[in-house]
Amino acid sequence: MRENARTGRTFADVLTDAIFGAFQAGWTQGFGADADHLKSVEEARRAARLGYTLFTCDPSDFLEPFPPPKLPSGGQGIPWAELEKFYLGRNFSVPGLGKLRFQREELRRIAGKYWRALEFAEEMHRALREELPHGFDFELSVDETPTPTTTQEHLFLALELRRRGVELASLAPRFPGALEKAVDYRGNLEEFRQALRAHVAIAQAFGPYRLSLHSGSDKWSLYPIFAAETGGLWHVKTAGTSYLVALEVLARASPTLFREIMVLARARFPEDRQGYHVHADPEAFPPPQSLKDHELPQLLTIPEARQILHVTYGSVLQRYGEDLKRVLSQHEEEYHQALAEHFGKHLRALGVKGDG
């Protein structure tokens, strides 16, 4: 929904284009469609009626700050007596982690942080059951928080979702380190591995469900770890940087248009970066006017330039979308080959595709 709002498109537009793209490529087998970043129940219902199959519930509007300055509404609406009876003084056995227990203050902090988000997820899941009684995939995304999801938080979410009858296909926790848009992972790989192992243990014990890596494009250093530690139960969101592949083709095919897009992107970045986790400095790389034509594609190798171009797609497509699509149509085979190489690199790193 966030991306549709910026490009002026709808779920119906996206699905229609994807279906015809599949036909054009000669693909006649099945595929899924993810309605991502759903922040309202009505959005989920609309996507279900169109034929979407995976629904990513984004309850970030309902997550309390961490640590919460106070419990939501003084904790009103949270059945504390029931929660303490269920959680306190009890061992929760998780293979690989041993026996986990909750302390009272810890339980109150976690419940206060996630309670309203859980209620929202339950409401959306119930609505989807009404729309799609024959089944669907449901993903919960809690990755857009300032701090990593702890083992106890994941355990609480898994237990509460099970108690509410919400069946997960996948969960997106907030991992340690920085998973910024369009660039590789920034952080300690061993810390990531240890946190991932704990999340995997809980997902297998109370699911099993997949672990989802959001902002998953170009996280080259993480893919082998993520694929190996999850035992194949993983979900990576990685469509976004295909847009950068298009701009790289454009930089070679139409340097003048690429320069105009780069100028617009630098100007729009301070506003368009809102809602995305990026740290790029527009002054950290040379302006496109100072580069020769053959040097322009090199901008797509600079992390700051990639992030600026990545998050300003809405502004660029609103102004130059038709011109960009015209150039790509004239260089369609080059674009297809570049996309094949780009996604092939992802699939190889994830162990899905061999080197052949």
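We number each residue from 1, following the sequence as shown.
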Measure across [X] and [Y] and return the closest heavy-atom pair with its distance rounded to 0.1 Å.
X: Trp220; Y: His342; value: CH2-O, 4.4 Å
X: Gly314; Y: Thr7; value: CA-CG2, 4.5 Å
X: Ser212; Y: Phe226; value: C-CZ, 4.2 Å
X: Arg186; Y: Pro303; value: NH2-CB, 4.1 Å
X: Pro282; Y: Ile308; value: CA-CD1, 3.5 Å
X: Ala121; Y: Leu140; value: CB-CD1, 4.0 Å

Taking C-beta and beyond as the side chain, do [X] and [Y] meet within less than 4.5 Å on heavy atoms?
X: Leu296; Y: Pro255; answer: yes
X: Asp34; Y: Phe55; answer: no
X: His277; Y: Lys181; answer: no
X: Trp115; Y: Leu83; answer: yes
X: Glu167; Y: Phe138; answer: no
X: Pro286; Y: Leu291; answer: yes
X: Tyr313; Y: Asp272; answer: no
X: Leu161; Y: Phe206; answer: no

From [X] [atom1] over to [Y] [atom2], what is the distance, rounded to the nearest 0.5 angstrom?
X: Glu123; Y: Leu118; atom1: CD; atom2: CG; answer: 13.0 Å
X: Leu339; Y: Thr241; atom1: CG; atom2: OG1; answer: 9.5 Å
X: Leu179; Y: Asp184; atom1: CG; atom2: CG; answer: 9.0 Å
X: His214; Y: Asp58; atom1: NE2; atom2: CG; answer: 8.5 Å
X: Arg129; Y: His134; atom1: CZ; atom2: NE2; answer: 15.0 Å
X: Arg109; Y: Phe156; atom1: CZ; atom2: CZ; answer: 10.5 Å

For residues 87-99, which side-chain donor-acceptor pairs fall under 3.5 Å, sequence neighbours excluded?
residue, atom, partner, partner atom, Å
Tyr87, OH, Glu160, OE2, 2.6
Arg90, NH1, Phe86, O, 3.4
Asn91, OD1, Arg101, NH1, 2.9

Open item on the list: side-chain contact (heavy atoms from CB on, under 4.5 Å) for Leu324 and Tyr243? Distances and angles first, verdict last.
Closed with: CA-CA 11 Å; Leu324 173 58; Tyr243 170 66; 4.2 Å; yes
- [ ] Mind running side-chain contact (heavy atoms from CB on, under 4.5 Å) on Tyr185 and Phe175 for me, showing each step along the way?
- [x] CA-CA 11 Å; Tyr185 175 73; Phe175 290 104; 5.8 Å; no
Open item on the list: What verdict does the side-chain contact (heavy atoms from CB on, under 4.5 Å) test give for Asp218 and Val183, after you've listed the backbone C-alpha separation in whole Å, the side-chain angles of each residue and the deciding distance to 0.1 Å?
Closed with: CA-CA 6 Å; Asp218 298 13; Val183 296; over 6 Å; no
TODO: Dump the intermediate steps for side-chain hydrogen bond (donor to acceptor under 3.5 Å, both in side chains) on Asp137 and Ser170, then the final yes or no.
DONE: CA-CA 8 Å; Asp137 288 329; Ser170 54; over 6 Å; no
Open item on the list: Can you confirm whether Arg319 is buried at CZ, in the sense that more than 12 heavy atoms of other residues, nucleotides or ligands lie under 6.0 Å from that atom?
Closed with: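 Counting neighbours around CZ of Arg319, 12 or fewer heavy atoms of other residues, nucleotides or ligands fall under 6.0 Å, so no.
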Task: Over 12 non-hydrogen atoms of neighbours within 6.0 angstrom of CD in Glu260 - done: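 It does: Glu260 CD has more than 12 such atoms within range.
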TODO: Determine which pairs satisfy side-chain hydrogen bond (donor to acceptor under 3.5 Å, both in side chains) with at least one residue from residues 200-210, sequence neighbours left out, and list them in order.
DONE: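 Of all non-adjacent pairs touching residues 200-210, those that pass side-chain hydrogen bond (donor to acceptor under 3.5 Å, both in side chains) are His154-Tyr209.
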- [ ] If a pair satisfies side-chain hydrogen bond (donor to acceptor under 3.5 Å, both in side chains) and one of its residues is in residues 289-304, list it, with sequence neighbours excluded.
- [x]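 The answer is Arg259-Asp293.
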May I ask you to decide whether [X] forms a salt bridge with [Y], counting only side-chain N to carboxylate O separations under 4.0 Å?
X: Asp17; Y: Arg9; answer: yes
X: Arg126; Y: Glu122; answer: yes
X: Glu144; Y: Arg2; answer: yes
X: Arg116; Y: Asp61; answer: no
X: Glu43; Y: Lys39; answer: no

Task: Step-by-step side-chain hydrogen bond (donor to acceptor under 3.5 Å, both in side chains) determination, Asp13 to Thr10 - done: CA-CA 5 Å; Asp13 294 333; Thr10 67; 3.2 Å; yes
Open item on the list: Hydrogens and angles aside, do Lys219 and Thr238 bring a side-chain donor and acceptor to less than 3.5 Å of each other?
Closed with: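 There is no such pair between these side chains.
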Task: Polar contact flag, side-chain donor to acceptor under 3.5 angstrom, Glu229-Gln194 - done: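 No - no donor-acceptor pair under 3.5 Å links their side chains.
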Task: Cluster overlap Leu211 with Val142, hydrophobic side-chain contacts below 4.5 Å - done: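 Hydrophobic grouping puts Leu211 apart from Val142.
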Open item on the list: Please determine whether side-chain contact (heavy atoms from CB on, under 4.5 Å) holds for the pair Ile302 and Leu299, giving the CA-CA distance in whole Å, both sets of side-chain angles, and the decisive distance to 0.1 Å.
Closed with: CA-CA 5 Å; Ile302 300 174; Leu299 285 175; 4.0 Å; yes
Open item on the list: Using the rule given for salt bridge (Lys or Arg N to Asp or Glu O under 4.0 Å), can you reason through Glu84 versus Arg108, listing the C-alpha separation, both sets of side-chain angles and the distance that settles it, and then say yes or no?
Closed with: CA-CA 9 Å; Glu84 291 185 0; Arg108 285 185 165 258; 3.4 Å; yes
Open item on the list: Test side-chain hydrogen bond (donor to acceptor under 3.5 Å, both in side chains) on His310 and Thr312; report intermediate values, then the result.
Closed with: CA-CA 6 Å; His310 185 88; Thr312 55; over 6 Å; no
Open item on the list: According to ring pair (Phe, Tyr, Trp, His ring centres under 6.0 Å), does anything in residues 1-49 pair up with another residue at least two apart or in another chain? List the pairs.
Closed with: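 Qualifying pairs, neighbours excluded: Phe11-Tyr52.
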TODO: For this output row, return yes or no: ring centroids of His125 and Phe136 closer than 6.0 angstrom.
DONE: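 Yes, the ring of His125 comes within the 6.0 Å limit of the ring of Phe136, centre to centre.
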Task: Derivation of the salt bridge (Lys or Arg N to Asp or Glu O under 4.0 Å) call for Arg252 and Glu248 - done: CA-CA 7 Å; Arg252 291 191 293 267; Glu248 186 175 355; 3.5 Å; yes
Open item on the list: Quick one, Glu333 with Gln337, criterion side-chain hydrogen bond (donor to acceptor under 3.5 Å, both in side chains). Give me CA distance, side-chain angles, the key distance, then yes/no.
Closed with: CA-CA 6 Å; Glu333 288 305 315; Gln337 182 60 36; over 6 Å; no
TODO: State which residues pass salt bridge (Lys or Arg N to Asp or Glu O under 4.0 Å) with Arg6; sequence neighbours excluded, sorted by chain then number.
DONE: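 Applying salt bridge (Lys or Arg N to Asp or Glu O under 4.0 Å) to Arg6 gives none.
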Task: Contacts of Glu190 that satisfy salt bridge (Lys or Arg N to Asp or Glu O under 4.0 Å) - sequence neighbours left out - done: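 Only Arg193 meet the salt bridge (Lys or Arg N to Asp or Glu O under 4.0 Å) criterion with Glu190.
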